[in-house]
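The structure presented is a predicted model; accordingly, all values stated were derived computationally and were not measured.
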Amino acid sequence: MERHVERELEILTAIDEGRPLTQRDLSQRLGVALGLTNLYLKRLVRKGFVKVVQFPQKPAARKRLRYLVTPMGIAEKSRLTYEHMAYSLSLYRRARQTLRESLTLLPEVGMKRIALCGAGEAAELAYLALKEFGLEPIGVFARESDGSFLGFSAQKLLTLRRTTPAHSGDEAAGS
């Protein structure tokens, strides 16, 4: 999914949440400059996906705008959400396949003890792949050791002593 399409989906999602939202709020949420956010909004308005409504002004009050997702915008948001989900699932399947290919040889060469390095989504995928091969992680090691991950107490990465897999039967996986 192209970056500008992701940003359009994020803007439509943010507006559709129904909370008051400024361009500055949107730019912070997107992590882009305010001017770029303004361009995205103008493009969405021009396409008919977003409508801009002006709040009644009190004397000496600043101009206030409210953004609304139009029915066409709701349809576009649904389409983009489907596209994003399809892309994400494809990426997930490729990651799982890569892990399977990487781990398939470990049991054949006698490696049974695996250390997961990291405590994020990649480590979760590695854990699932390990389970498919009947392998059990010996622990979880991460840069920070504050908390648990998948029922393991996360230990500092520095405590993982690097040994030669041929001598110990240990291997590291994940990130």
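Leu128 and Leu99 fall within a single hydrophobic cluster, where Ile, Leu, Val, Met, Phe, Trp and Tyr side chains are chained together by heavy-atom contacts under 4.5 Å. The hydrophobic clustering, which links ILVMFWY residues whose side-chain heavy atoms are closer than 4.5 Å, places Ile74 and Leu9 together. Hydrophobic clustering places Leu41 together with Val5 (ILVMFWY residues linked when any side-chain heavy atoms are closer than 4.5 Å, directly or through intermediates). Ile114 and Leu150 fall within the same hydrophobic cluster, defined by Ile, Leu, Val, Met, Phe, Trp and Tyr side-chain heavy atoms under 4.5 Å apart, directly or through other members.
Expressed to the nearest 0.5 Å, how far CZ of Arg7 lies from CG of Leu80 amounts to 14.5 Å. Taking CE of Met85 as the reference point, atom OG of Ser90 lies at 12.5 Å (rounded to 0.5 Å). Rounded to the nearest 0.5 Å, atoms NZ (Lys131) and CG (Leu103) are 13.0 Å apart. With rounding to the nearest 0.5 angstrom, the CG atom of Leu68 is 7.0 Å from the NZ atom of Lys51. Going from atom CD of Glu8 over to atom CG of Leu12 covers 7.0 Å, rounded to the nearest 0.5 Å. One finds the CG atom of Leu34 at 10.0 Å from the CG atom of Asp25 (value rounded to the nearest 0.5 Å).
Atom NZ of Lys47 sits in a crowded spot, with more than 12 heavy atoms from other residues, nucleotides or ligands closer than 6.0 Å. The number of heavy atoms from other shown groups lying within 6.0 Å of CE (Met72) is above 12. The number of heavy-atom neighbours closer than 6.0 Å to CZ of Arg66, taken from other residues, nucleotides and ligands shown, is 12 or below.
Not a single donor-acceptor pair under 3.5 Å links the side chain of Ser27 to the backbone N or O of Thr37. In terms of modelled atom types and a separation under 3.5 Å, the side chain of Ser148 and the main chain of Gly151 share no donor-acceptor contact. Formation of a donor-acceptor pair under 3.5 Å by the Asn38 side chain with backbone atoms of Gly35 is not found in this model. Of the possible donor and acceptor atoms, one in the side chain of Ser88 sits under 3.5 Å from a partner among the backbone N and O of His84.
Using a 4.5 Å heavy-atom threshold, the side chains of Leu89 and Arg93 count as touching. Thr13 has its side chain within reach of Arg29: a pair of non-hydrogen atoms, C-beta onward, lies under 4.5 Å apart. Using a 4.5 Å heavy-atom threshold, the side chains of Arg43 and Phe49 count as separate.
With sequence neighbours left out, the side chain to side chain contact (heavy atoms under 4.5 Å, CB included) criterion links Val52 to Val45, Leu65, Tyr67. Under the rule for a side chain to side chain donor-acceptor pair (under 3.5 Å), Gln155 has no partner lying at least two apart in sequence or in another chain. Contacts of Arg3 classified as side chain to side chain donor-acceptor pair (under 3.5 Å), with partners at least two apart in sequence or in another chain: Glu6. For Tyr87, the side chain to side chain donor-acceptor pair (under 3.5 Å) criterion is met by no residue, not counting sequence neighbours. The side chain to side chain contact (heavy atoms under 4.5 Å, CB included) search around Gln28 returns Arg24, not counting sequence neighbours.
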inquiry  = For a side-chain contact (heavy atoms from CB on, under 4.5 Å) check, start with the C-alpha distance between Leu36 and Leu30, then their side-chain angles and the critical distance, and finish with the verdict.
reply    = CA-CA 10 Å; Leu36 186 56; Leu30 295 172; over 6 Å; no

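Pairing each heavy atom of Phe152 with each of Gly139, the nearest pair is CD2-CA, 4.0 Å. When all heavy atoms of Ala119 and Val140 are compared, the pair lying nearest together is CB-CG1, 4.5 Å. Between Leu125 and Ala95, the shortest heavy-atom contact is CD1-CB, 3.9 Å.
Residue pairs that meet the salt bridge (charged side-chain N to carboxylate O under 4.0 Å, His left out) test with at least one member in residues 68-77, sequence neighbours left out, are Asp16-Lys77, Glu76-Arg79.
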